[in-house]
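As structure tokens, the structure follows; a few thoughts come after it.
Numbers for residues simply follow the sequence, beginning at 1. Whatever order the structure lists ligands and atoms in, that order sets their numbers, starting from 1.
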Amino acid sequence: MANRWTNKLTRSDVTPEPIFMNRRRVLAGLGLGTGAAAGGAALLGGMPNAAQAQDALEPNAFEDITSYCNYYEFGTRKGDPAENAHMLTTQPWTIQIDGLVDKPGDYALEDILSQMTIEERIYRFRCVEAWSMVVPWNGFELADLLELAGVKPEAKYVAFETVLRPEEMPGTRFPVLDWPYVEGLRLDEAMHPLTMMATGIYGKTIPNQNGAPIRLVVPWKYGFKSIKSIVRITLTDSEPPTSWNKAAAREYGFYSNVNPTVDHPRWSQATERRIGGGLFARRQPTLMFNGYEEEVASLYEGMDLKANF
Ligand SMILES: Nc1nc2c(c(=O)[nH]1)N[C@H]1C(S)=C(S)[C@@H](COP(=O)(O)O)O[C@H]1N2
Ligand SMILES: [Mo]
């Protein structure tokens, strides 16, 4: 399915090690492709805002992305994860996939990766705290992993869990959150072609502080939905609990779609601060669904997005 992905991006050459990348879809997204990407070009031609696909999306520096992090298992200050996450052992790594699947079990990460094609995706990333970055991720679609395990027809949600190792994760010795960190998506959100499992940034193995060896990336939702260092994925028929909702239900809902018209109870979500923009950089307007409205709005048709925040 070469045309499942219609993300907007512009730079096709940010990766220092392009040899590992499948650039076919990147080219399709730009309407520059030939042969395999011909369908992509046709799709782009049919998009109402094909011009918008040419929006400038300048990725943040590797240094910004890997030094300004949220990973509370390693501490709550932005620099803590970069300082402490080297303690996490990421090899070998196994993901338990269970619940409403045809083939439950422990999946070795290397076996998963041997069946996936790693591609590059440049996505906006918007934290609920109102800062943002642009990140060139490497990874594969979550849908491809779920298809490996075989999703049963009764499944409606996907639950995710981060590894919990207090001896390697100093932040978990404090009850900042109810550990392990857990997150969830509705099945259609999980199967959406924009939803990816990331294993790299800028063509390099993903640094521990960013969620090594494998983390979720859901670009139209606030950053906390993009759970790091995943060890368990469970298909369920009811909405799974999520860490920030458990911690403060009034402030963090299950959906957590980026929405400039629904403020956090304690601050506005109308604008954001782009990391790396400098001290005097202007705040920029936050985009509906973080700029992915065309791709994902249909998932929420008829839903009250204020009630389902
Ligand atoms: N396990 C785990 N996953 C997590 C977090 C966390 O504290 N623990 N923080 C979340 C938040 S609030 C954000 S904004 C992003 C930050 O990702 P980054 O540090 O790679 O930018 O990770 C999310 N995933
Ligand atoms: Mo966040």
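At a heavy-atom distance under 4.0 Å, no atom of E129 approaches ligand 1. Heavy atoms from both the backbone and the side chain of N70 come within less than 4.0 Å of ligand 1. If you look at E183 next to ligand 1, there are no close heavy atoms at all, none under 4.0 Å. For C69, heavy-atom contacts with ligand 1 shorter than 4.0 Å involve the backbone as well as the side chain. Heavy atoms from both the backbone and the side chain of Y71 come within less than 4.0 Å of ligand 1.
When only non-hydrogen protein atoms are considered, atom 19 (O) of ligand 1 lies nearest to K228 NZ, 2.7 Å. Given atom 21 (O) of ligand 1, the protein heavy atom at minimum distance is F125 CE2, 3.8 Å. Among all non-hydrogen protein atoms, the one lying nearest atom 7 (O) of ligand 1 is Y72 N, 2.8 Å. From the protein, the heavy atom lying nearest to atom 8 (N) of ligand 1 is E73 OE1, 2.8 Å. With respect to atom 6 (C) of ligand 1, the closest heavy atom belonging to the protein is Y181 CE1, 3.4 Å.
Taking every non-hydrogen atom of C127 and a distance limit under 4.0 Å, the qualifying atoms of ligand 1 come out as 14 (S). Atoms of ligand 1 found under 4.0 Å from any heavy atom of S226, numbered from 1 in the order shown, are 22 (O), 23 (C), 24 (N). Each of the following atoms of ligand 1 lies closer than 4.0 Å to a heavy atom of T162: 1 (N).
The shortest distance between side-chain heavy atoms of R121 and E141 falls below 4.5 Å. Using a 4.5 Å heavy-atom threshold, the side chains of V218 and L216 count as touching. Using a 4.5 Å cut-off on side-chain heavy atoms (C-beta onward), W244 and F254 make no contact. Two residues are said to be in side-chain contact when any heavy atoms from C-beta on lie closer than 4.5 Å; F140 and L145 meet this criterion.
Taking 4.0 Å as the cut-off, R215 counts as a neighbour of ligand 1 on heavy-atom distance.
Of all heavy-atom pairs spanning N257 and Y300, the tightest one is OD1-OH, 3.3 Å.
Under the 4.0 Å criterion applied to side-chain N and carboxylate O atoms, K78 and E129 are assigned as salt-bridge partners.
No side-chain N or O of R273 forms a donor-acceptor pair with one of Q284 less than 3.5 Å apart. A side-chain N or O of S229 and one of Y71 form a donor-acceptor pair less than 3.5 Å apart.
Of the polar atoms of W137, none of the N or O atoms is found under 3.5 Å from an N or O of ligand 1, judged by distance alone. Between Y68 and ligand 1, no N or O atom pair is found at a separation short of 3.5 Å. Annotation: N210 places an N or O atom under 3.5 Å from an N or O atom of ligand 1; distance criterion only.
Nearest-residue assignment for atom 12 (S) of ligand 1 (options W244, Y252, F224, F160; heavy-atom criterion): F224.
The aromatic rings of W131 and F125 sit tilted, their planes meeting at an angle between 30° and 60°.
For K204 and F62, the positive end sits near the middle of the six-membered ring, less than 6.0 Å away and at most 45° from its axis. Relative to the six-membered ring of Y222, R126 misses at least one condition, a distance below 6.0 Å or an angle of at most 45° to the axis.
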